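Okay, so here's the structure we're looking at.
Throughout, protein chains are lettered first and strands after them, A, B, ... in sequence-line order, and every chain is numbered starting at 1. From a predicted model like this one, the values you see are computed outputs, not experimental measurements.
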Amino acid sequence: MSASPDLLDPVDTLIRDHLRERAQATLKRRQFVSGLMTFLCWTAIAIAAVPLIMILFELFKKGLPYVTSWAFYTQLPQQPTLFDQSHLGGISNSLIGSLAIIGYSCLVAVPLGIGIGIYMAENDTKPAQIMRTVIATMVGAPSILMGLFAFGFIVEQLHVGFSILAGSFALGVMMLPVLASATELAVRNVPPTLREAGLALGAKPSTTSLKIVLPAAITGIVTGCILAISRAVGETAPVLLVIGGTVSAITYLPSQPGNALPYQIYQDVISNYDSQKNQSWGIALFLVIVIFILSLSARIWAARKQKVRR
Amino acid sequence: MADTSTKSVTASAEHYATTLPEGRNRPSGSVRGPYEWTLIALSVIFGLVSFWFVGTILFKSIPAFKQQGFYLLVGNAWNPTDGTTPSQYGALSMIIGTVETSLIAIVLAGVVGMGTSLAINFLLPARLRTFVATIVELLAAVPSVVYGIWGVLVLAPWVASTFGPWLTALPGGATIFGVSLAGKSLLLAGIVLAVMILPTFVAISREVIGAVPAELIEASLSLGATRWQTLWRTVIPTSRIGLFGATTLALGRAFGETIAVALVAGGVVQMNFHPLAQGTSLASFIAGQWGEAEGSDQVPALYALGVFLMLFSLAFSLIANRLVAKQRKAAAL
Amino acid sequence: MTDTQSGPMGAGVSIAHGMVDPEVEDPRLGPTAMSLRDVSVTFNGRTAVRDVTFDVPANKVTALIGPSGSGKTTLLRSLNRLHDLTKGARVSGQILLGDTDIYNGGIPTTVLRSRIGMVFQRPNPFPTMSIYDNVVSGLRFNGVKKKAILDEAAESALNAAALFDEIKDRMKAHASTLSGGQQQRLCIARALAVEPEVLLMDEPTSALDPISTKKIEELMVDLKKRVTIIIVTHNMQQAARASDVTAFLLMGEDGAGEQIEVDATLKLFSQPSDPRTLDYIQGRFG
């Protein structure tokens with residue numbers, strides 16, 4: 001033993017002996033618990049992986065034949081009949097419908113969301129704080145509420161009826177808080193020195209914001225947009241309540257009733273025909289691929305952009 | 001805050017409420033030009049929209065509250081009629097179904113997700129870590145309807161044809177499990193929800209756990225702590241605010257989920273909440289009934305379900321924010 | 001991850017150092033706390049520290065000095081097996097604590113680390129724990145439950161770290177309410193509470209103001225009767241003021257840290273035997 005006990009205070013010697021004894025006595029148990037918990041963590045990651053891998057496997061196995069067929073994208077859906085279950089047609093109308101719905105909702109929600117995001121980042125006034133609370137609540141609000149809102153407001157109050165406009169409105173309201181919070185975060189993450197430098201040069205606060213701060217925050221803002229879009233694309237509940245769901249025509253005008261990809265998935269899956277149920281895998285796979293491409297490209301773009309700046 | 005300083009692209013908007021950096025005022029006394037007025041106008045529009053949002057849902061539900069009164073909250077039957085006899089609309093079984101399915105989901109996803117996050121951060125080799133993190137974040141973006149079709153087209157038939165009969169064949173199985181083995185059930189909805197919210201939970205918890213400073217882990221190990229003692233006594237307590245945020249976010253997704261639950265819970269209104277019984281939830285019931293409700297007095301009643309859902313969501317969000325703020329304060333002192 | 005190479009064994013292996021000045025009593029004449037034999041550390045095959053060999057005298061302060069990149073911290077962290085956490089890190093040679101080989105002697109890392117404590121560059125009290133809980137955390141990790149022992153150990157360790165009088169009225173307060181210097185002394189107390197034989201200090205004052213630094217240097221002298229201290233410092237005055245033995249490391253041509261000279265501090269700073277040591281202590285590089 002190196003630290004000669006005679007140098008150590010008697011109390012400390014006592015503590016040390018007790019501690020060493022307890023450490024020795026509990027060593028086996030502590031090692032066992034640690035090993036067991038490590039094993040359980042491995043188990044947890046395995047348990048988490050199994051269903052997720054199963055889903056992806058099923059998705060690709062059942063969906064791939066649809067996704068790889070050109071007709072899937074160009075044909076209108078057909079109701080299978082008892083005698084002919086194989087002629088399902090494609091998803092052309094829901095594909096165009098989804099594009100239209102997302103397009104219209106972005107048209108309004110993106111500028112609005114970015115605007116209020118900037119407002120909240122640049123103001124710490126009482127209204128800005130209230131907006132922040134409202135937005136935090138809306139981010140977590142169940143999406144079906146946006147459907148109820150769009151139905152009550154667009155479909156009934158404005159007498160537009162079941163329509164693409166109502167669907168866009170619902171998705172737009174859903175995207176707003178995501179866009180606003182992402183923008184606020186991005187603007188706030190711009191180093192304050194950048195803004196101060198602009199102001200020190202005598203630029204007006206508005207010029208500084210537009211010419212210096214916003215360009216620096218653009219990565220976060222664009223990523224936020226893509227995140228919001230990829231979430232809206234797959235959202236089923238709100239569009240289910242308000243878009244009407246046409247099957248026999250391609251529609252894209254705001255006032256027309258329309259179809260959308262997640263809506264078509266839902267219709268397929270609750271159908272009585274196995275062949276139609278099966279088609280839902282195809283649409284789902286297509287959606288998942290689109291969403292993966294969107295978020296991966298946002299990620300890669302953001303990473304590259306960040307590298308350039310350094 | 002050390003545990004919330006990092007931000008990832010995907011999770012940033014999600015744990016927005018808990019990760020806002022220090023506010024920064026623009027210089028006071030500045031003149032308002034077109035730029036400022038535009039921002040103010042947009043914010044006013046947002047204020048109107050959110051006001052109208054709440055107003056519309058409340059307003060549309062009024063007839064139902066007038067018609068059903070207190071029964072809407074405590075009643076357990078949902079009987080639309082052709083108008084010759086009064087309809088009955090009670091939300092109790094949807095409320096309980098919502099609570100039950102989301103609790104099952106959060107318990108399963110929380111336990112498995114914690115283990116997964118710890119394993120990703122401390123057991124996987126560093127190279128694999130980034131890859132797995134990316135996969136997890138991608139999975140968090142998968143639309144819920146995909147989890148729903150997996151539940152209804154794969155899981156439910158398997159339960160009905162294989163797992164259910166096996167359970168029932170167990171000694172005593174018929175009495176314990178024999179409630180409903182048609183495949184769809186509240187438990188199945190809970191499990192599908194758990195799988196659905198797991199990537200969301202892990203995406204955030206992995207990040208907050210990864211943000212625990214290495215020095216704290218080393219300090220703990222240097223005192224003679226085992227790996228588990230370090231995780232349990234140092235890493236988890238240090239990241240608790242972020243973990244709480246991950247839990248509330250995942251729970252919020254679970255109880256607001258519409259389509260996945262609509263597909264696998266069975267959509268049955270009944271006062272039997274055995275996990276293997278069929279049931280429904282607030283959000284999924286609205287979607288399931290919507291088609292046949294059109295034009296009837298059922299629509300206001302469904303809006304009333306929306307009001308309950310909104311109150312749930314609001315209370316939940318306020319409580320979560322309050323708790324986070326409190327924890328923050330305690331940690332800062 | 002562990003190594004298998006064993007260095008030259010035997011109690012009386014003499015180590016490379018210059019001639020001992022007869023007027024200065026060599027602090028290394030007493031018992032030895034740790035011995036390093038041909039210790040090398042590699043990360044994924046790249047050598048960071050090569051063939052370090054010296055003895056650490058018990059109840060003395062041994063300083064590791066050298067310019068940045070000379071592998072001081074890497075060497076220090078190999079002494080309580082913190083490199084075990086890093087994938088691809090490999091420690092070879094032999095490190096003895098008393099007469100136990102810490103890598104191959106079959107001693108569990110948890111036991112080893114409770115016998116060799118560590119204080120880090122930046123104060124790192126556990127942020128969720130109170131001051132008291134911080135101090136006794138090591139005892140709790142090691143299975144001590146008795147309140148009386150915990151209290152006794154907390155008081156003793158806080159006293160030893162010269163912190164007790166300052167905080168005795170707010171033991172339940174959060175550790176983050178302390179100043180930086182106090183936090184670092186809390187970390188020292190936390191390490192001392194498990195009654196280690198050796199205390200490793202990795203530039204413990206680099207994040208502190210001069211007054212707090214002075215306090216900790218004075219503390220080290222007092223702590224000698226309780227523990228053997230090995231301190232990494234980039235501050236030569238600190239090494240000269242507070243240590244008994246100094247080991248000077250320098251980065252070799254391939255980027256690996258090498259031991260240049262180990263000697264009694266007074267001797268090393270007054271009559272270094274290697275010209276590179278002289279260059280360094282006169283501030284010619286690093």
Side-chain angles (χ1 to χ4, degrees), chain B residues 1-6 18 118-132 208-245 323-324 326-333, chain C residues 44 76-77 79-88 107-130 133-144 170 173-177 186-187 190-196 198-202 207:
Chain B
M1 290 302 306
D3 58 341
T4 50
S5 58
T6 54
T18 57
L118 292 173
I120 290 175
N121 274 305
F122 296 100
L123 301 179
L124 285 186
R127 224 174 268 169
L128 217 57
R129 208 176 296 159
T130 335
F131 174 73
V132 172
V208 295
I209 285 175
V212 173
E215 302 120 65
L216 287 183
I217 296 165
E218 289 175 350
S220 166
L221 291 172
S222 295
L223 292 166
T226 61
R227 168 147 68 192
W228 177 248
Q229 284 179 314
T230 301
L231 296 181
W232 185 244
R233 309 279 271 276
T234 307
V235 172
I236 293 177
T238 307
S239 48
R240 69 188 191 287
I241 298 175
L243 292 177
F244 180 75
L323 282 178
V324 168
K326 215 171 173 185
Q327 295 264 18
R328 273 278 158 79
K329 212 179 243 176
L333 276 178
Chain C
N44 298 312
L76 190 78
R77 289 164 65 90
L79 300 184
N80 72 342
R81 299 191 58 167
L82 269 187
H83 292 310
D84 287 18
L85 303 177
T86 320
K87 290 266 190 307
I107 178 171
T109 42
T110 55
V111 173
L112 172 80
R113 291 191 186 126
S114 70
R115 289 175 59 186
I116 305 184
M118 187 151 186
V119 175
F120 297 81
Q121 276 192 26
R122 280 187 299 159
N124 57 355
F126 298 126
T128 55
M129 295 184 193
S130 68
D133 289 337
N134 259 286
V135 180
V136 300
S137 57
L139 286 98
R140 286 190 171 139
F141 285 144
N142 284 287
V144 177
R170 44 186 182 129
H174 262 282
S176 50
T177 54
L186 175 62
C187 292
R190 180 178 66 184
L192 289 174
V194 291
E195 306 288 350
V198 178
L199 184 62
L200 309 176
M201 302 179 100
D202 183 7

Got [X] and [Y] here, is their nearest side-chain heavy-atom distance under 4.5 Å?
X	Y	value
B:Arg233	C:Ser137	no
C:Pro123	C:Leu186	no
C:Val194	C:Phe141	no

Proximal component of [X], with respect to chain B [non-hydrogen, under 4.5 Å]:
X	value
C:Leu112	neither
C:Pro125	backbone
C:Phe126	both
C:Asn124	both
C:Arg190	both

Review point. Under a 4.5 Å heavy-atom cutoff, which of B:Ala214, B:Gly224, B:Pro125, B:Pro237 has the most pairs with chain C?
Key: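 Greatest number of close heavy-atom pairs with chain C: B:Gly224.
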**Study point:** Counterpart residues, side chain to side chain donor-acceptor pair (under 3.5 Å), relative to C:Ser130 (two or more places apart)
**Key:**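 Once residues adjacent in sequence are excluded, the partners of C:Ser130 under the side chain to side chain donor-acceptor pair (under 3.5 Å) criterion are C:Asp133.
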Check your understanding: How would you list, by chain and number, every residue that makes a side chain to side chain donor-acceptor pair (under 3.5 Å) with B:Thr230, sequence neighbours excluded?
Key ->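 With sequence neighbours excluded, B:Thr230 shows a side chain to side chain donor-acceptor pair (under 3.5 Å) to B:Ser220, given in chain and number order.
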Exercise for review: Side chain from CB out, backbone as N, CA, C, O: work out which of these in B:Thr234 comes under 4.5 Å of a heavy atom of chain C, or both, or neither.
Suggested key: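 The side chain, not the backbone.
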Practice item. Report the C-alpha distance between C:Met118 and B:Glu218 in whole Å, list the side-chain angles of each, state the deciding distance to 0.1 Å, and finish with yes or no for side-chain contact (heavy atoms from CB on, under 4.5 Å). Key: CA-CA 9 Å; C:Met118 187 151 186; B:Glu218 289 175 350; over 6 Å; no
